[in-house]
Amino acid sequence: MSTHAVHSVEAEPDAAVIVRQLRPTAVQVHVFRLDQPIIITIDGPAGTGKSSVARALAKRLGLDFLDTGAMYRAAAAIALDYGIPITDADRLVETVKQADLHFDWSADPPTILAWGRSLSDRIRQPDVTAIVSPVAGIPALRQHMVAKQRIIAQQHPRLVSEGRDQGSVVFPDANVKFYLDASAQVRAMRRAQQLRAGGIPADEQQLLREIVERDRSDMSRSDGPLVRPEGGIVVDTSHLLFDEVVSELESIVRRKAEEP
Ligand code: DC
């Protein structure tokens, strides 16, 4: 694997540079130890391999892994399965509260439960994927999810938390904040490969259009939009293998943990 320099965000973009540090936050925790409470956030658009990378990184560092997308997907599944129109935000949020979403941490990866029942398979189905972005744009729902995620972090204080707003909104003082990125073309190609590997035919141009539209929707909502968090480390995964990304993140965390 090639070596990658950490560049300031002001530097000219360079195809060879895949890691760069965004402007540091005013209050930034510089000193931390890997055997103490630690929060690492991983944000970024769909198709960058975030979830798998976050899970693998958590394993390598002996941390818990929180998939916050699963929480929004669970809300979307509840809307569909209980016939709640997503325009009826009050009813949807009330029902999601009653569902008492939480994770079964004995499973690997942790299983999301609603009313004590697993929604793991349901949340990956295409009808859920089709409506989850507008569901995730409901401000009152985001408020509820953010509060829940912070409670989870209290109960699991050694955590890799993955989503869209983890470094920017939920855990702005996280020890290390990553933003995984990749070109829309590469993400569409990866998604097509994934589908074809599962025996499902895939139209790459159509996938590309969907990805561009989902990015637009996730980035343009007023509440908790997908942004590069202040002080975050941007890693472009376009030309890296999965293991290379995980190793890069692991070495950055270990290097930072050793900082005086
Ligand atoms: O990462 P994913 O595809 O499972 O996420 C599902 C949707 O939820 C996606 O539209 C982005 C949204 N999401 C969000 O708005 N905030 C998060 N913290 C996590 C996911």
Side-chain angles (χ1 to χ4, degrees), residues 39-58 64-80 86 89 92-93 96 101-103 109-112 114 118-153 156 159-172 174 177-182 184 187-188 190-191 194-195 207 209-229 232 237 245:
I39 294 195
I40 297 171
T41 57
I42 303 186
D43 294 301
T48 50
K50 254 182 319 119
S51 267
S52 314
V53 166
R55 195 175 153 203
L57 180 69
D64 289 324
F65 156 61
L66 175 61
D67 171 4
T68 61
M71 300 169 74
Y72 290 99
R73 285 173 176 274
I78 288 169
L80 288 169
I86 62 175
L92 179 57
V93 174
V96 169
L101 295 183
H102 60 277
F103 287 89
T111 311
I112 187 142
S118 170
L119 284 184
S120 284
D121 295 333
R122 180 72 185 102
I123 61 170
R124 302 292 160 203
Q125 286 167 0
D127 57 340
V128 170
T129 302
I131 66 154
V132 65
S133 189
V135 166
I138 298 172
L141 184 72
R142 296 201 73 82
Q143 233 176 24
H144 173 65
M145 296 302 194
V146 168
K148 249 190 191 300
Q149 289 154 14
R150 290 183 178 146
I151 291 169
I152 290 172
H156 298 263
L159 196 64
V160 176
S161 191
E162 175 259 317
R164 303 292 190 286
D165 59 347
Q166 299 303 287
S168 53
V169 173
V170 187
F171 305 113
K177 300 192 261 188
F178 289 110
Y179 185 91
L180 293 199
D181 214 346
R187 292 186 282 136
R190 286 177 183 163
R191 188 53 54 93
Q194 244 173 21
L195 290 169
L207 289 169
R209 282 192 290 274
E210 285 169 13
I211 280 174
V212 168
E213 172 49 29
R214 187 124 69 101
D215 285 356
R216 195 202 54 74
S217 167
D218 287 343
M219 286 174 174
S220 63
R221 65 168 171 251
S222 56
D223 207 348
L226 169 64
V227 288
R228 293 167 174 76
T237 71
V245 179

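Remember, it's 1-based here, ligands and their atoms both numbered in the order they're listed.
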For this session: Give, for atom CZ of R191 and atom CD of Q194, the distance between the pair rounded to the nearest 0.5 Å.
Result: 5.0 Å
Exercise. Hey, is D127 close enough to R122 for a salt bridge, meaning N to O under 4.0 Å?
Worked result: yes
Problem set entry | Short side-chain to backbone donor-acceptor contact, D218 and L226, under 3.5 Å | no
Exercise. Which residue supplies the protein heavy atom nearest to atom 20 (C) of ligand 1, what is that atom called, and how far is it?
Worked result: G69 CA, 3.6 Å
Exercise. Which one holds for Q166 and ligand 1: side chain close, backbone close, both close, or neither close, with close meaning a heavy atom under 4.0 Å?
Worked result: side chain
Problem set entry | Residue, atom name and distance, where the atom is the protein heavy atom closest to atom 9 (C) of ligand 1 | R164 NH2, 3.6 Å
Problem set entry | Heavy-atom nearest neighbour in the protein, as seen from atom 6 (C) of ligand 1, with distance rounded to 0.1 Å | R73 NE, 3.7 Å
Exercise. With a 4.0 Å heavy-atom cut-off (strictly under), which part of S133 contacts ligand 1: side chain, backbone, both or neither?
Worked result: both
For this session: Drop me the distance from I42's CD1 to D67's CG, to the nearest 0.5 angstrom.
Result: 11.5 Å
Exercise. In the protein, which heavy atom is nearest to atom 8 (O) of ligand 1, and how far is it?
Worked result: Y72 CB, 3.7 Å
Exercise. To the nearest 0.5 Å, what is the distance between NZ (K148) and CG (L66)?
Worked result: 11.5 Å
Seminar exercise, completed: Contact region, R221 to ligand 1, non-hydrogen atoms below 4.0 Å, reads side chain
Exercise. For ligand 1, which atoms, with element, lie under 4.0 Å from some heavy atom of R142?
Worked result: 14 (C), 15 (O), 16 (N)
For this session: With rounding to the nearest 0.5 Å, note down the distance linking NZ in K50 to CZ in F178.
Result: 14.5 Å
Exercise. What is the nearest protein non-hydrogen atom to atom 19 (C) of ligand 1, stated with its residue, atom name and distance?
Worked result: T68 OG1, 3.4 Å
For this session: May I ask you to say whether D215 pairs ionically with R187, meaning some side-chain N is under 4.0 Å from a carboxylate O?
Result: yes
Seminar exercise, completed: Residue, atom and distance of the protein heavy atom nearest atom 12 (C) of ligand 1 read A136 CB, 3.8 Å
Exercise. Which residue and non-hydrogen atom of the protein lie closest to atom 10 (O) of ligand 1, and at what distance in Å?
Worked result: D218 OD1, 3.4 Å
Problem set entry | Enumerated ligand 1 atoms positioned under 4.0 Å from heavy atoms of R214 | 3 (O), 9 (C), 10 (O)
Problem set entry | Salt-bridge criterion met for D223 and R142 (N-O under 4.0 Å) | no
